[in-house]
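Treat the numbers as computed from the prediction; the structure is a model and nothing was measured.
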Amino acid sequence: MSNNSFDLQEVVFILLSQPNGYHAQRAQVFKEHLDKQVATIAGTPPRLVLQHEEWPQTGAWTILPIVSSILKSHARNRSWVFFCEEETRIDLQRLSAILARYNPKKKLFLGRALRDKQPTIIHHFAFHENPGSFLYPDPAAGMLFSSALLKSLSKRWNEREKKADFTIDVKHELAMYVWNEGRGVHLTEVAELCAGEEEYRDGCATTYPVRFPRCGPSAKHDDLFFAVKTCKMFHTERVPVVQKTWGKHAKHMEIYSEEEDPSIPTIYLGVNNTERGHCAKTFAILRRALKHPDIREKLWLIIADDDTILSVSRLRQLLACYDPQQAVVLGERYAYGARAGFGYDYPTGGSSMVFSMAAVRQMIDSGSCTCPTPDTPDDMMIGMCLKSLGIPVTHSPYFHQARPEDYSEDFLSHQLPVSFHKHWMVDPYQVYDDWFSEADLTEDHDEL
């Protein structure tokens, strides 16, 4: 090899893939993309591992629980491990040139750096005095771990005290673990690892060209049913926002409250309001969806909060990629206890939860998915239910549990969001206008 390049047989590529049929198909497209380049490389090719095939267990997507397995099975004598997403595209020649600059015997963590512009709840308000000082990777552009770093992480992870904790934003939490309160390694920013508008620069070794998937005609309006959870105290504050923004574009929608108000209208499901959790209300919605003649023939059920802000048109376009005859639960994936090996994934409720009716039937017909208390966290209970039934939570990066302000601008630059959540210290009408209004109005006009 040239002094200006690195032998790629020393690299293990791990694709952060998912078992859902659409995502498995996208993983194969990525494999073909890589194989075409590998065919032109002399010698032993680099190794590609699809995460959903090699590590199907809960929590593998958080990466740390599988580090030891990666070292044992794939990277024992390799220098680098490269993680990326299904839509990441790689120029192997340019990546080789990047790796030639670094010594894998040192503990190194390389990637496209993301920075918070303000303290954010999804990162537990870390570095609140200077949130932009901490760098964390964008997996869409790829992230690299040297063998020395992986060995160090494996040792720490195996010696840790196992405890249940939440996984909210895995890329930030991974960087925090690597940093280890200053005793570990900072992310090294590599300009040639690109995503978003950066990909048009010369010299990028990685790009992320798909801002939003296109899988054919959008799901039909008549195949979607929207269920909005609210309570009396928000009938005049939050509900009008739904009705004047995305609710105008939802052909089939009901709003559920503990008090019926014919002026909205709201529907009472026989469940009183709780201050938190809302498990009883959400499962009442699931049961109603199966029993009500106007809902049960739909293909998709979308459960949203009254402060969820979303695009109906983008959601319909996204659902064209998924098979409603399969048990599909789609949204932003969080986890509880998953890294400890005994927890579960769950679709976080504020960003909206999307269920194929096939999934709803399995959940309700099982008889085992019930709320311990009315105020049990509904999304977490759904996660436990799904794990017991063997239904995976399919993650989509287009769903967001927090406000636009809570995400790195560089992270949002390479996607078209489907949803955000919360009205706190933002104008929800402005959020809708800035992010979703044009998409919804354009589609409605096209369908006239």
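Taking 4.5 Å as the limit, some side-chain heavy atom of Arg156 sits within range of a side-chain heavy atom of Asn180. Leu16 is listed as a side-chain neighbour of Ile63, based on a closest heavy-atom distance under 4.5 Å. No side-chain heavy atom of Leu144 sits less than 4.5 Å from a side-chain heavy atom of Leu108. Side-chain contact between His421 and Thr308 is present, with at least one heavy-atom pair separated by less than 4.5 Å. The side-chain heavy atoms of Phe226 and Val312, taken from C-beta on, include a pair separated by under 4.5 Å. Side chains of Val67 and Trp157 form no contact here, defined as non-hydrogen atoms less than 4.5 Å apart. Residues Gln326 and Tyr22 have side chains not in contact (no heavy-atom distance under 4.5 Å, counting atoms from C-beta outward). With a 4.5 Å cut-off on side-chain heavy atoms, Ser154 and Leu150 do not count as touching.
The only option from Phe82, Tyr177, Phe109 that meets the ring pair (Phe, Tyr, Trp, His ring centres under 6.0 Å) definition with Phe145 turns out to be Phe109. Residue Ser257 forms a side chain to side chain contact (heavy atoms under 4.5 Å, CB included) with just one option from Leu269, Thr230, Val228, and that option is Thr230.
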Steps toward side chain to side chain contact (heavy atoms under 4.5 Å, CB included) verdict (Met253, Val242): CA-CA 11 Å; Met253 181 176 75; Val242 173; 4.2 Å; yes
Residue pair Asp222, Lys251: steps toward the salt bridge (Lys or Arg N to Asp or Glu O under 4.0 Å) verdict: CA-CA 7 Å; Asp222 285 335; Lys251 185 175 181 181; 2.9 Å; yes
Side chain to side chain contact (heavy atoms under 4.5 Å, CB included) between Gln51 and Leu15: does it pass, once the steps are laid out? CA-CA 6 Å; Gln51 187 181 65; Leu15 188 67; over 6 Å; no
Determine whether Lys229 and Asp378 satisfy the following criterion, salt bridge (Lys or Arg N to Asp or Glu O under 4.0 Å), listing intermediate values before the conclusion. CA-CA 12 Å; Lys229 297 179 296 178; Asp378 55 355; 2.5 Å; yes
Step by step, work out the side chain to side chain contact (heavy atoms under 4.5 Å, CB included) result for Tyr432 and Lys244. CA-CA 10 Å; Tyr432 180 76; Lys244 294 176 182 178; over 6 Å; no
Can you check salt bridge (Lys or Arg N to Asp or Glu O under 4.0 Å) on Glu87 and Arg26, steps first, answer last? CA-CA 7 Å; Glu87 303 302 337; Arg26 296 308 300 168; 2.8 Å; yes
May I have the step-by-step check of side chain to side chain contact (heavy atoms under 4.5 Å, CB included) for Met381 and Thr282, ending in yes or no? CA-CA 10 Å; Met381 190 64 225; Thr282 296; over 6 Å; no
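Looking only at distances, no side-chain donor or acceptor of Asp434 sits under 3.5 Å from a matching main-chain atom of Val431. Side chain of Ser356 to backbone of Val328: a donor-acceptor contact under 3.5 angstrom is found. Checked by atom type and distance alone, the side chain of Thr88 pairs as donor or acceptor with a backbone atom of Ala140 at under 3.5 Å. Formation of a donor-acceptor pair under 3.5 Å by the Ser352 side chain with backbone atoms of Ala304 is not found in this model. A donor-acceptor distance shorter than 3.5 angstrom exists from the side chain of Thr206 to the backbone of Cys194, with no hydrogens or angles considered. Judged by distance alone, with hydrogens and angles left aside, the side-chain atoms of Lys107 form no donor-acceptor pair with the main-chain N or O of Lys151 at under 3.5 Å. At least one donor-acceptor pair closer than 3.5 Å links the side chain of Glu258 to the backbone N or O of Lys232. For Thr266 (side chain) and Glu259 (main-chain N/O), a donor-acceptor pair under 3.5 Å exists by modelled atom type. Side chain of Glu173 to backbone of Asp169: a donor-acceptor contact under 3.5 angstrom is found. At least one donor-acceptor pair under 3.5 Å links the side chain of Asp323 to the backbone N or O of Gln325.
We find the NE2-CG distance between His235 and Asp261 to be 6.0 Å, quoted to the nearest 0.5 Å. We find the CG-OH distance between Asn273 and Tyr268 to be 10.5 Å, quoted to the nearest 0.5 Å. For the atom pair Ser368 OG and Leu389 CG, the distance stands at 5.0 Å (nearest 0.5 Å). Here SG of Cys385 is found 9.5 Å from CD of Gln362. Values are rounded to the nearest 0.5 Å. Within the model, atoms CD1 of Ile302 and CZ of Arg316 stand 11.0 Å from one another, a figure rounded to the nearest 0.5 Å. Atom SG of Cys321 is separated from atom CG of Leu330 by 9.5 Å, given to the nearest 0.5 angstrom.
In terms of heavy atoms, Leu193 sits closest to Gly142 at CD1-O, 4.0 Å. Between Leu224 and His252, the shortest heavy-atom contact is O-CB, 3.5 Å. Between Arg296 and Pro293, the shortest heavy-atom contact is NE-CA, 3.8 Å. Asn77 and Glu10 get closest at one heavy-atom pair: O-OE1, 3.5 Å. Taking all atoms of both residues into account, the shortest heavy-atom contact from Cys279 to Thr373 is CB-O, 4.0 Å. Across every non-hydrogen atom of Met353 and Pro347, the tightest pair is SD-O, 3.4 Å.
In this structure, Lys387 places its NZ atom where more than 12 heavy-atom neighbours from other residues, nucleotides or ligands lie under 6.0 Å away. Dense packing is recorded around CD1 of Ile267, with more than 12 heavy atoms of other residues, nucleotides or ligands lying under 6.0 Å away. Remark: Glu53 CD is packed, more than 12 non-hydrogen atoms of other residues, nucleotides or ligands lying under 6.0 Å away. Atom NZ of Lys155 sits in a sparse spot, with 12 or fewer heavy atoms from other residues, nucleotides or ligands closer than 6.0 Å. More than 12 non-hydrogen atoms from other residues, nucleotides or ligands lie less than 6.0 angstrom from CZ of Arg160. Enclosure of atom CD in Gln118 by more than 12 non-hydrogen atoms of other residues, nucleotides or ligands within 6.0 angstrom is indicated. Surrounding CZ of Arg211 are more than 12 heavy atoms belonging to other residues, nucleotides or ligands, all under 6.0 Å away.
Between His400 and Phe420, the gap from one ring centroid to the other is short of 6.0 Å. Aromatic ring centres of Tyr398 and Phe212 lie closer together than 6.0 Å. Trp55 has its ring centre less than 6.0 Å from the ring centre of His74. Under the 6.0 Å cut-off for aromatic ring centres, Tyr334 and His395 do not qualify, their centroids lying 6.0 Å or more apart. The ring of Tyr136 has its center closer than 6.0 angstrom to the ring center of His123.
Note: Phe166 and Tyr346 have perpendicular aromatic rings, judged against thresholds of 30 and 60 degrees for the angle between ring planes.
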